[in-house]
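See structure below.
Values reported hereafter were calculated over all heavy atoms of this structure, with side chains retained and with hydrogens, waters and symmetry mates removed. Residue indices begin at 1 and follow the sequence shown.
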Amino acid sequence: MAKEISWVKEKLEEIIDSARKLDFPAFSDLERKHILLQEERAKVDRQVDVVLEQAGLPRGAGTDDSRDALWRQADAEARAEFGSLPEKEMMNGFYLQEVIHRYAALLADAAVKEMEE
């Protein structure tokens, strides 16, 4: 393996940390917020893929289906935290930041688990 697992964990933790600090525009309409959310998800996917490639691993932690499942899990967990709010109110910066953060953490965990197997 080109890179040690500790290096991979460190790089994945940097991705997770950056997801905690996202700043979404406060006055975007609901459609724009959904677009921003998908753009940030794609960014996390690319960042994880780069780390895995640099570690000498196949690109992508799992299949697209497993990433979709992780996304649904992250969304469900974030919605549970903010779920008492109507969709329009829920889609604020806190929810958007939380779902991206949870997705990054779940994806990183899945990638490390694959490496350790």
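Using a 4.5 Å heavy-atom threshold, the side chains of Val50 and Arg46 count as separate. The shortest distance between side-chain heavy atoms of Leu37 and Arg41 does not fall below 4.5 Å. Contact of the Leu70 side chain with the Gln73 side chain is registered, since non-hydrogen atoms from C-beta on lie closer than 4.5 Å. Considering only heavy atoms from C-beta on, Leu36 stays 4.5 Å or farther from Leu96 through its side chain. Between Leu106 and Trp71, every side-chain heavy-atom pair lies at or beyond the 4.5 Å cut-off.
One finds the CD1 atom of Ile15 at 12.5 Å from the CD1 atom of Ile100 (value rounded to the nearest 0.5 Å). Atom NZ of Lys9 sits about 11.5 Å away from atom CD of Glu4, to the nearest 0.5 Å.
Of all the heavy atoms in His101 and Arg20, the pair that sits closest is NE2-NE, 3.0 Å. Residue Ala55 comes nearest to Val8 through the heavy atom pair CB-CG2, 3.4 Å, listed as atom of the first residue, atom of the second, then distance.
Electrostatic pairing of Glu98 and Arg102 counts as a salt bridge here, judged by a charged N lying under 4.0 Å from a carboxylate O. For the pair Asp49 and Arg67, the salt-bridge criterion is met [side-chain N within less than 4.0 Å of a carboxylate O].
When hydrophobic clusters are built by joining Ile, Leu, Val, Met, Phe, Trp and Tyr residues whose side-chain heavy atoms come closer than 4.5 Å, directly or via intermediates, Trp7 is grouped together with Leu12. Residues Tyr103 and Ile16 are members of separate hydrophobic clusters, defined by side-chain heavy-atom contacts under 4.5 angstrom among Ile, Leu, Val, Met, Phe, Trp and Tyr.
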List the steps, then state whether side chain to side chain contact (heavy atoms under 4.5 Å, CB included) holds for Ile35 with Glu31. CA-CA 6 Å; Ile35 291 168; Glu31 182 180 343; 4.2 Å; yes
